[in-house]
Visitor: 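To start, I am sharing the structure in question, which I have written as structure tokens.
Predicted, not measured: the structure shown is a model, and the values here were computed from it. Just so you know, residue 1 is the first one in the sequence shown, and it goes up from there. Just follow the structure's listing: the first ligand is 1, and inside any ligand the first atom is 1.
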Amino acid sequence: MSGDRRPIGVFDSGIGGLTVVRALMERLPLESIVYFGDTARVPYGVKSVATIEHFTAQIVDFLLRQEVKMLIVACNTMAAVAAKVVVARAGGIPVIDVIEAGARAAVAIAAGGRIGVIGTPTTINSNAYARRIHALDASARVYSQACPLFVPLVEEGWLDHEVTRLTAQEYLRPVLAEDVGSLVLGCTHYPLLKPLLRDVAGEKLKLIDSAVTTAELAAASLQQAGLAVTGGEGPENATYRYIVTDVPLRFQTIGERFLGRSLGRIERVDW
Ligand code: DGL
């Protein structure tokens with residue numbers, strides 16, 4: 001196997017970013033990944049910008065010490081308010097974030113159209129999705145809605161629960177009233193709610209999963225920068241490390257639900 005075998009660094013406020021790792025494993029099976037989840041300090045989605053910037057800087061510095069060749073901001077909240085911090089510290093290695101990927105996918109699907117965006121309060125208040133969508137397509141109309149209860153409901157495993165269904169109906173009502181044709185799932189946890197959201201919103205609404213589009217963007221960027229693993233050997237050479245700041249109760253179960261496979265060994269760092 002040849003090419004650049006250094007791992008890709010993927011990070012999130014907790015374990016939700018494993019939805020991005022899952023998409024990366026499928027799209028780029030030859031690539032190794034180091035995942036960092038700040039499980040001791042999650043959730044970020046209700047914290048201030050200054051705090052999120054500070055935490056983000058710590059995580060980026062840590063991953064750079066693991067000699068990653070690319071950084072992927074899997075957390076929408078960090079991408080919304082601390083993307084500049086990541087780029088400033090990355091030392092020139094490529095940086096991909098879920099908001100850029102989600103915005104590109106939204107515009108590709110719904111150019112000039114009406115686009116809904118859902119996310120944590122910090123992500124929605126930052127207006128980051130609307131700004132990035134408008135930078136790509138000034139004529140798009142963006143309708144946003146914060147859904148603060150979705151993260152705890154997903155972590156509880158209530159993916160198909162009546163309480164989650166009622167919550168989704170309540171949150172989506174104003175966005176659906178705007179007759180949007182697509183809905184960006186602007187939070188790591190929301191891809192797990194896809195079947196329920198599809199039920200609530202109807203089959204016609206296109207759900208945009210930023211995990212899948214992030215993996216596409218990462219693949220293109222690795223190729224472009226000449227950093228992709230190439231050669232004839234199989235995916236068995238790819239290694240996966242999972243590093244967290246705490247191992248909370250039910251971590252394994254929830255993590256494996258996000259990842260869609262067994263997690264294996266989990267490393268914990270003490271800050
Ligand atoms: N990872 C966060 C996001 O994608 C959700 C969890 C949190 O609030 O930290 O916005």
Side-chain angles (χ1 to χ4, degrees), residues 9-24 35-60 63 71-83 85-86 96-103 105-106 116-132 144-159 164 167 171 183-194 197 207-215 217 242-246 248 250-251 254-255 257-259:
V10 184
F11 61 101
D12 179 41
S13 55
I15 45 177
L18 290 172
T19 50
V20 173
V21 173
R22 180 181 190 160
L24 284 168
Y35 179 80
F36 187 96
D38 195 2
T39 44
R41 303 189 290 201
V42 71
Y44 281 19
V46 289
K47 291 189 168 70
S48 71
V49 172
T51 298
I52 296 165
E53 283 179 342
H54 176 62
F55 291 172
T56 304
Q58 282 181 320
I59 297 171
V60 168
L63 281 172
L71 284 166
I72 299 186
V73 191
C75 176
N76 289 261
T77 303
M78 281 195 257
V81 299
V85 171
V86 183
I96 305 276
D97 78 59
V98 278
I99 294 190
E100 183 64 29
V117 177
I118 53 175
T120 64
T122 303
T123 297
I124 298 304
N125 289 340
S126 75
N127 228 13
Y129 267 105
R131 270 187 279 116
R132 298 224 209 156
S144 307
Q145 175 67 47
C147 306
L149 293 174
F150 277 171
V151 166
L153 286 168
V154 169
E155 301 229 333
E156 193 57 37
W158 288 9
L159 305 182
T164 316
T167 308
Y171 282 148
L183 183 69
V184 179
L185 308 181
C187 173
T188 46
H189 288 53
Y190 301 175
L192 273 72
L193 291 175
K194 262 194 212 165
L197 294 174
L207 300 180
I208 299 173
D209 177 346
S210 31
V212 175
T213 50
T214 301
L217 206 56
Y242 306 100
I243 305 167
V244 295
T245 45
D246 188 19
R250 298 190 304 126
F251 176 85
I254 303 170
R257 189 177 298 143
F258 279 107
L259 191 63

Visitor: Quick check: does any side chain N or O of Tyr171 sit under 3.5 Å from a backbone N or O of Leu149, one acting as donor and the other as acceptor?
Guide: yes
Visitor: At a 4.0 Å threshold, what atoms of ligand 1 neighbour a non-hydrogen atom of Cys187?
Guide: 3 (C), 4 (O), 5 (C), 10 (O)
Visitor: Out of curiosity, is Gly16 lining ligand 1, as in a heavy atom under 4.0 Å away?
Guide: no
Visitor: Which of the atoms in ligand 1, numbered in the order shown and given with their element, are less than 4.0 Å from a heavy-atom of Cys75?
Guide: 1 (N), 2 (C), 3 (C), 4 (O)
Visitor: Relative to the heavy atoms of Thr120, which atoms of ligand 1 are at a distance of less than 4.0 Å?
Guide: 8 (O), 10 (O)
Visitor: May I ask you to identify the nearest protein heavy atom to atom 10 (O) of ligand 1, giving residue, atom name and distance to one decimal place in Å?
Guide: Thr77 OG1, 2.6 Å
Visitor: Find all atoms of ligand 1 within a distance of less than 4.0 Å from any non-hydrogen atom belonging to Tyr44, and give their numbers and elements.
Guide: 7 (C), 8 (O), 9 (O)
Visitor: Return the orientation label for the Tyr190 and Phe150 ring planes: parallel under 30°, perpendicular over 60°, tilted otherwise.
Guide: perpendicular
Visitor: Is there a polar contact between ligand 1 and Gly45, counting only N or O atoms under 3.5 Å apart?
Guide: yes
Visitor: Judged by atom type as modelled, is there a donor-acceptor pair below 3.5 Å linking the side chain of Arg132 to the main-chain atoms of Ala101?
Guide: no
Visitor: Among all protein heavy atoms, pick out the one at the shortest distance from atom 6 (C) of ligand 1; state its residue, atom name and that distance to 0.1 Å.
Guide: Ser13 OG, 3.6 Å
Visitor: Backbone N or O of Glu100 within a donor-acceptor pair of the Asp97 side chain at under 3.5 Å?
Guide: yes
Visitor: For the pair Thr19 (side chain) and Thr188 (backbone), establish whether a donor and an acceptor sit closer than 3.5 Å, ignoring hydrogens and angles.
Guide: yes
Visitor: Any idea which protein heavy atom is nearest atom 1 (N) of ligand 1, and the distance to it?
Guide: Asp12 OD1, 2.8 Å
Visitor: I'd like to know if the side chain of Thr164 reaches the main chain of Trp158, judged simply by a donor and an acceptor atom lying under 3.5 Å from each other, with no hydrogens or angles considered.
Guide: yes
Visitor: Under 4.0 Å, heavy-atom basis, I'd like to know which part of Thr188 is in contact with ligand 1: side chain, backbone, both or neither.
Guide: both
Visitor: Looking only at distances, can you tell me whether any N or O atom of His189, backbone or side chain, sits closer than 3.5 Å to an N or O atom of ligand 1?
Guide: no
Visitor: Whether the side chain of Lys194 engages the backbone of Asp209 through a donor-acceptor N/O pair (distance < 3.5 Å, no angle test) should be reported.
Guide: no
Visitor: Determine whether the side chain, the backbone, both or neither of Thr122 has a heavy atom under 4.0 Å from any heavy atom of ligand 1.
Guide: neither
Visitor: For ligand 1, note which part of Val42 has a heavy atom under 4.0 Å away: side chain, backbone, both or neither.
Guide: side chain
Visitor: Hey, does Leu159 have a side-chain heavy atom less than 4.5 Å from the side chain of Val154?
Guide: yes
Visitor: Is it true that a side-chain atom of Thr245 and a backbone atom of Thr39 form a donor plus acceptor pair closer than 3.5 Å?
Guide: yes
